[in-house]
Protein chains: 2
Amino acid sequence: MIYVNLRQLRFLVAIHEERSFTAAARRVNATQSGLSMQIKELEERLGLRLFDRSSTGVTPTTAGDRLYERATRILREVSAIENDVQTLSGQVSGRVQVGMMPTFARAVLAPVLERFARHYPNVEIKVTEAYSAVLCEAVTNGQLDMAVVPSGKMVPGLKAEHLATDVEVFVTSPNTKRTHLEPVDLSKNKPLKLALPGPGNARREKIDTYLETYQVPIDSIMELDTMMATLDLVSRSDWTTILPGCLCLPDIDDPRRKLHPIVNPPLVVDYVFIEPASQSKTQAAELFADEIVKEIRTTCTFCNSKLGAADAIAG
Amino acid sequence: MIYVNLRQLRFLVAIHEERSFTAAARRVNATQSGLSMQIKELEERLGLRLFDRSSTGVTPTTAGDRLYERATRILREVSAIENDVQTLSGQVSGRVQVGMMPTFARAVLAPVLERFARHYPNVEIKVTEAYSAVLCEAVTNGQLDMAVVPSGKMVPGLKAEHLATDVEVFVTSPNTKRTHLEPVDLSKNKPLKLALPGPGNARREKIDTYLETYQVPIDSIMELDTMMATLDLVSRSDWTTILPGCLCLPDIDDPRRKLHPIVNPPLVVDYVFIEPASQSKTQAAELFADEIVKEIRTTCTFCNSKLGAADAIAG
DNA sequence: GATTGTTATCATTATTACTGATATCCCTTA
DNA sequence: TAAGGGATATCAGTAATAATGATAACAATC
């Protein structure tokens with residue numbers, strides 16, 4: 001009656017995401033041979049091919065895609081059973097491993113951590129700060145339960161949810177003629193010296209597109225993948241940078257730098273919440289996620305009102 | 001990582017529904033010993049008890065109930081995979097086994113069968129006419145894909161959906177003073193000679209309650225579990241009966257009997273659609289179900305307008 | 001054409017599940 | 001109170017299933 005089993009579904013999901021039996025085998029701690037036989041078995045039982053094989057890898061057939069969708073749903077529900085156990089066995093506990101893009105380190109993360117730790121003292125929290133590619137990777141292979149990253153190209157095996165849209169802010173040193181919080185049209189500016197994150201960074205790509213599209217004059221660009229150093233550099237030189245609103249918010253009145261909403265048009269960054277597609281969150285993880293999401297949403301709303309260019313444009 | 005497997009879930013569901021390892025083992029074609037070991041394994045892995053055992057049988061714990069809910073959902077989705085295969089492999093085909101309460105034999109079933117067979121010539125249809133208890137049993141153990149029955153006490157392992165509410169109609173021979181389609185208040189009547197289905201029949205129970213509650217005077221009751229004989233008896237004697245509107249509709253103008261909406265208050269019957277809780281319908285079954293449901297709903301609406309007591313009460 | 005990196009296959013081994021007999025428990029009944 | 005019936009648990013042996021490691025076959029790349 002029931003041909004399919006969970007092992008086969010797990011294999012199918014891994015192969016589908018890795019586009020390779022070999023890589024999938026590595027991921028699920030099995031041998032390529034084993035996967036090959038299991039998928040063969042599954043295909044024979046169902047009477048249709050799930051993957052087109054070649055010596056360079058595999059591509060899922062239509063049926064393979066369809067089954068992948070179902071399989072992730074099923075596996076997520078199965079993992080929910082195991083999470084239920086935690087819930088049923090009483091108080092909230094366990095370990096939550098979260099990835100965060102650097103943007104949220106202060107404005108968002110700190111208050112959430114404080115609150116959460118107070119409410120759920122038995123939950124062990126581990127936060128990793130990294131750029132989106134690293135975080136996506138870590139979530140995919142189960143090292144992290146979830147992460148918040150800037151939106152970018154989708155990684156297979158992840159379930160993503162849009163959280164909020166934030167404004168990007170132009171940051172300069174105090175030694176300029178512009179006044180603090182005055183909007184700026186980057187394309188009508190003298191050539192910029194910009195400190196930006198390196199290529200590959202999701203925000204960087206969006207910024208590059210913006211600079212090109214609106215022909216923003218550039219003097220030179222420095223690659224700095226560290227927020228702290230960037231801020232420091234900007235405040236003590238004529239280098240400038242572009243940072244997400246959420247990151248700037250805690251320092252909005254800091255005299256060491258000036259913030260300028262970007263207009264014509266505004267430059268924005270979208271934050272997305274990612275988690276493994278075929279796994280459900282533990283109760284602790286769910287609660288933590290709720291807090292994070294709430295905090296990010298309110299912070300972004302606040303950013304938009306304080307640093308958004310909406311008023312500037314209208315005025 | 002993944003402890004639970006589908007076999008365990010299937011066992012859990014069977015045991016939960018049968019309230020017995022032994023009976024469940026029979027149902028899933030396995031031994032009591034095997035189930036015992038699998039559930040033991042599952043309980044140990046999850047770290048909690050799923051059933052409280054006694055020598056009289058077994059009762060699910062809270063955790064057992066919770067898991068049962070999840071398990072049925074998961075198994076339904078897994079069976080959906082297998083149904084997908086049919087769908088993916090092209091045209092609609094397969095075998096659909098439906099159970100029908102006798103009420104629908106003519107007014108509803110015939111047109112649906114005709115239409116469906118024309119649209120989907122490759123689907124093999126098997127219809128079984130029986131009373132609700134038999135149909136529930138057959139759906140539970142997989143002999144039928146689905147059934148339509150009068151609402152009554154819920155059987156575990158079934159997923160039910162309310163279809164429509166129909167009026168019950170008082171049926172007499174032509175040799176009475178009453179005029180055809182004239183509403184009747186049964187409690188203000190001379191003692192009745194009623195032919196009714198035997199006890200255990202779901203409609204009978206509802207009728208009994210009605211007769212008692214509104215103190216309908218009864219001369220005598222005959223138990224007839226055959227619609228055809230009942231109709232025949234009524235038309236040729238002073239015996240009367242109570243039948244669902246849907247059943248009467250095709251004969252509404254037949255001079256061999258008279259129909260009377262029941263008022264003060266109206267007596268109604270609810271139809272429900274049942275299917276196995278832990279299995280999803282094949283595409284063919286889904287299409288057939290849609291047709292049946294649609295037909296029953298329109299028929300009931302029609303019944304209510306033709307045979308309903310609403311107007312009578314208002315007037 | 002050698003090399004690298006795929007997947008498929010096969011015989012063997014390891015693991016897992018099932019079976020059937022039996023033990024144990026509890027409730028009912030004589 | 002003892003016997004009987006019906007339930008689940010346990011155990012050792014067996015059967016079924018899955019994983020392994022080596023190898024083959026193939027395609028792309030250098």
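Chain naming here is simple, since letters A, B, ... match the order of the sequence lines and numbering starts at 1 in each.
- One can place CD1 of I39(A) at 16 Å from C1' of dT6(C), the figure rounded to the nearest angstrom.
- In this structure, the CZ atom of F11(A) is 5 Å from the P atom of dA19(D), given to the nearest Å.
- One N or O donor and one acceptor, one from the side chain of Q32(B) and one from the base of dA9(D), sit under 3.5 Å apart.
- Between R53(A) and dC26(D), a side-chain N or O to OP1/OP2 separation shorter than 4.0 Å is absent.
- When rounded to the nearest whole Å, the span between CE of M37(B) and C1' of dC11(D) equals 9 Å.
- Taking every heavy atom of both residues into account, P197(A) and R204(A) meet most closely at O-NH1, 2.7 Å.
- Salt-bridge annotation for K153(B) and E205(B): present, with a side-chain N of the basic residue lying under 4.0 Å from a carboxylate O of the acidic one.
- Contact between the side-chain N/O atoms of S55(A) and the OP1/OP2 oxygens of dG5(C) is not found at any separation under 4.0 Å.
- Not a single donor-acceptor contact under 3.5 angstrom links the side-chain atoms of S20(A) to the base of dT6(C).
- Residue contacts for T56(A): at a heavy-atom cut-off of 4.0 Å it reaches the sugar-phosphate backbone alone, with no base atom in range.
- Using a 4.0 Å cut-off, some side-chain N or O of Q38(B) falls inside it from OP1 or OP2 of dC18(C).
- dT7(C) atom P lies 8 Å from atom CD1 of I15(A), rounded to whole Å.
- The pair E41(A)-R45(A) counts as a salt bridge, with a side-chain nitrogen and a carboxylate oxygen less than 4.0 angstrom apart.
- Listed nucleotides: dT20(D), dA18(D), dA17(C). Nearest to the side chain of N5(A): dA18(D).
- Shown are E275(B), E161(B), E82(B); of these, the salt bridge (Lys or Arg N to Asp or Glu O under 4.0 Å) with K281(B) is made only by E275(B).
- For the pair L6(B) CG and dA17(C) P, the interatomic distance rounds to 12 Å; values are reported in whole Å.
- In this entry the distance linking CG of D52(B) with C1' of dA9(D) reads 15 Å, nearest Å.
- Side-chain nitrogen and oxygen atoms of K40(A) include at least one within less than 4.0 Å of the OP1 or OP2 phosphate oxygen of dT9(C).
- When rounded to the nearest whole Å, the span between CZ of R26(B) and C1' of dG6(D) equals 11 Å.
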